Amino acid sequence: MIRISVTSKLDGVRSWSLIARETCPGAIGADGSLVPACAGCYAVGGNYRYPNVKNPRMENREDWKRDEWVADMVAELRNDRFFRWFDSGDMYAIGLAEKIFEVMQATPHVQHWLPTRMHKFPKFADVLARMQSLPNVMVRPSSDSVTGEYVAGVHGSTIAPSIDAIPEGATLCHAANNDGKCGACRACYSKDVAVVAYVAHGRSMAKVVREQLAA
Ligand code: SF4
């Protein structure tokens, strides 16, 4: 059974998600600790701790392995025009990535936004490149920074410490000026927007930002 998630920020755009951190191998840095962006992750606290939010994400971790999953996802998306993969969690397995690619290919009427840290693992390069080559897909490899750093041509998003510290070349996430919601903005789904800068929010992210700025 396909379990779709809906978050208030996305204003009607639906998602398919997993549990954060346990499906996020890219959250761990070379020194074995969480990278800054993941140390302040919004998806490990708040509403994400409640069973009605947690359970579907746990069930999805097994569900994608079903033979019928691709066909079921394609049918589920028949009325969507935009779709965000992973409002929590990440595309942790090659098998899952290949299935998501099949869903993307079979739903040209949907503009897909895929944020990920799996670009850190060379074995994902091929499937990520195939996804990005589709006209209806925007893969956004996430920078680990919470101080607005990113590498042009590698990253599709970063986190900025404040609205006054948006790095050159990045587009400010509209939610920062819209009560934390996307409204009609669809920048993340667009191939015309190379890098989106999300403004850090939430108490745990604020602490990580303070530590990083002081370092
Ligand atoms: S840039 Fe636009 S589409 Fe992306 S998260 Fe922010 S408001 Fe939503």
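Please read all numbers here as calculations on a predicted model, not as lab measurements. In listed order, ligands and their atoms are each counted from 1. All residue numbers refer to positions in the sequence shown, counting from 1.
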Q: Do Val70 and Ile100 land in one hydrophobic cluster if side-chain heavy atoms of ILVMFWY residues count as linked below 4.5 Å?
A: yes
Q: Looking at Arg57 and Asp87, does any basic side-chain N land under 4.0 Å from a carboxylate oxygen?
A: yes
Q: Quick one: which ligand 1 atoms are inside 4.0 Å of a heavy atom on Tyr198?
A: 5 (S)
Q: Using a strict 4.0 Å threshold on nitrogen-to-oxygen distance, state whether Glu98 and Arg130 make a salt bridge.
A: yes
Q: Taking the six-membered ring for Trp, are Trp113 and Tyr189 parallel (under 30°), tilted (30 to 60°) or perpendicular (over 60°)?
A: perpendicular
Q: Which ligand 1 atoms are under 4.0 Å away from a heavy-atom of Val196?
A: 1 (S)
Q: Measure from atom 4 (Fe) of ligand 1 to each N, O or S atom of Cys188 and report whether any distance is below 2.8 Å.
A: yes
Q: With a cut-off of 2.8 Å, does Cys185 put an N/O/S atom close enough to atom 6 (Fe) of ligand 1?
A: no
Q: Which residue owns the protein heavy atom closest to atom 6 (Fe) of ligand 1, what's the atom, and how far is it?
A: Cys173 SG, 2.2 Å
Q: Are any of the side-chain heavy atoms of Lys120 and Val35 separated by less than 4.5 Å?
A: yes
Q: Output yes if Cys182 passes the N/O/S-under-2.8 Å test against atom 8 (Fe) of ligand 1; output no otherwise.
A: yes
Q: Check each atom of ligand 1 against the heavy atoms of Ala187 and keep those under 4.0 Å away; list them by number with element.
A: 1 (S), 3 (S)
Q: For ligand 1, which atoms have a heavy atom of Lys9 less than 4.0 angstrom away?
A: 5 (S)
Q: Say whether Thr147 and Ser145, considering side chains only, have a donor N or O and an acceptor N or O under 3.5 Å apart.
A: yes
